[in-house]
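Okay, structure first, notes after.
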Amino acid sequence: QVHLVESGGGLVQPGGSLRLSCAASGTNFDYYPIAWFRQAPGKEREGVSCINRSGGATIYADSVKGRFTISRDNARNTAYLQLNSLKPEDTAIYYCAAGTFFSLEVRRYNYWGQGTQVTVSA
């Protein structure tokens with residue numbers, strides 16, 4: 001089992017940047033693919049990006065390609081999401097999740113953090 005805690009969210013102006021962190025505790029962090037999801041008010045949770053166990057493969061949603069970068073440091077049991085060129089439509093609660101299948105599907109992930117709010121506004 002793995003426990004996840006996100007941090008790094010906040011209020012940023014359009015065009016700004018944030019770096020989200022996902023700190024894991026428990027066992028075998030490098031066993032799990034890690035993904036970032038987000039959920040805006042009144043909308044379904046959507047996959048943003050995921051990274052495989054080694055960090056050698058990544059997937060991005062079309063809406064964030066070229067702007068967001070996912071990474072992980074297995075030695076530190078931490079995953080990251082760098083958010084650049086932020087837009088108001090990126091406003092949402094961002095969640096990290098650990099699963100057993102390298103995918104952006106919500107149903108593939110068993111362990112979730114509590115989320116961190118990202119607000120993009122002038």
Side-chain angles (χ1 to χ4, degrees):
Q1 190 167 356
V2 62
H3 180 63
L4 304 170
V5 178
E6 302 95 334
S7 62
L11 173 64
V12 62
Q13 293 186 343
S17 298
L18 286 172
R19 189 192 195 200
L20 307 184
S21 298
C22 173
S25 59
T27 60
N28 301 325
F29 175 71
D30 57 359
Y31 175 79
Y32 299 96
I34 299 294
W36 287 92
F37 293 85
R38 67 186 181 185
Q39 189 165 18
K43 294 188 177 182
E44 292 188 354
R45 191 167 298 190
E46 64 171 348
V48 173
S49 183
C50 61
I51 189 166
N52 72 343
R53 299 174 188 180
S54 68
T58 57
I59 300 173
Y60 293 94
D62 287 343
S63 58
V64 306
K65 278 181 184 176
R67 300 189 298 122
F68 292 5
T69 304
I70 192 171
S71 61
R72 66 189 296 164
D73 183 341
N74 287 341
R76 296 180 182 269
N77 286 357
T78 304
Y80 305 95
L81 186 68
Q82 179 68 41
L83 290 65
N84 295 332
S85 302
L86 282 161
K87 305 175 182 180
E89 52 263 43
D90 294 317
T91 295
I93 299 174
Y94 283 70
Y95 300 89
C96 69
T100 55
F101 197 87
F102 180 49
S103 165
L104 278 180
E105 296 177 274
V106 172
R107 65 187 179 96
R108 298 291 189 179
Y109 290 83
N110 311 100
Y111 305 106
W112 294 80
Q114 83 289 347
T116 186
Q117 176 72 47
V118 172
T119 303
V120 185
S121 175

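Worth knowing before you read on, the calculation uses all heavy atoms, side chains too, and leaves out hydrogens, waters and symmetry mates.
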Any heavy-atom pair between the side chains of [Y] and [X] that's under 4.5 Å?
X: Arg108; Y: Thr100; result: no
X: Leu4; Y: Glu6; result: no
X: Val64; Y: Arg38; result: yes
X: Glu89; Y: Val120; result: no
X: Leu20; Y: Thr116; result: yes
X: Arg67; Y: Asp90; result: yes

For [X] versus [Y], what's the shortest heavy-atom pair and its separation?
X: Ile93; Y: Gln117; value: CG1-OE1, 3.3 Å
X: Thr69; Y: Tyr60; value: CA-OH, 3.3 Å
X: Gln39; Y: Lys43; value: NE2-O, 3.1 Å
X: Ser21; Y: Thr78; value: CB-CG2, 4.4 Å
X: Ile70; Y: Ser49; value: CG2-OG, 3.2 Å

(request) Quick one: which residue pairs count as a disulfide (SG to SG under 2.5 Å) with a foot in residues 72-105, not counting sequence neighbours? (result)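 Disulfide (SG to SG under 2.5 Å) check on residues 72-105 returns Cys22-Cys96.
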(message) Show every ring pair (Phe, Tyr, Trp, His ring centres under 6.0 Å) that has at least one partner inside residues 29-54, sequence neighbours left out.
(response) Tyr32-Tyr111, Phe37-Tyr109, Phe37-Trp112
(message) Could you work out, with side chain to side chain donor-acceptor pair (under 3.5 Å) as the rule, every residue matching Asp30, not counting sequence neighbours?
(response) none
(message) Could you work out, with side chain to side chain donor-acceptor pair (under 3.5 Å) as the rule, every residue matching Ser103, not counting sequence neighbours?
(response)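 For Ser103, the residues satisfying side chain to side chain donor-acceptor pair (under 3.5 Å) (neighbours in sequence not counted) are Glu105.
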(request) First locate atom CG of Asn77, then atom CZ of Arg72, and finally report the distance between them rounded to the nearest 0.5 Å. (result) 9.0 Å
(request) Calculate, to the nearest 0.5 Å, the distance between atoms CG and CD1 belonging to Asn74 and Ile34 respectively. (result) 8.5 Å
(request) Check the hydrophobic clustering (I, L, V, M, F, W, Y; side-chain heavy atoms under 4.5 Å; chains of links allowed) and say if Tyr95 and Val118 are grouped together. (result) no
(request) List, by chain and number, the other hydrophobic cluster members for Ile59, where Ile, Leu, Val, Met, Phe, Trp and Tyr join if side-chain heavy atoms come within less than 4.5 Å, directly or indirectly. (result)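 Grouped by the 4.5 Å side-chain rule, Phe102, Leu104 form the rest of the cluster around Ile59.
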Atom pairs and distances, donor-acceptor, side-chain atoms in residues 8-19, under 3.5 Å, two or more places apart:
residue : atom : partner : partner atom : Å
Ser17   : OG   : Asn84   : OD1          : 2.9

(message) Taking CD in Glu44 as the centre, count heavy atoms belonging to other residues, nucleotides or ligands within less than 6.0 Å. Is the count above 12?
(response)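 Counting neighbours around CD of Glu44, 12 or fewer heavy atoms of other residues, nucleotides or ligands fall under 6.0 Å, so no.
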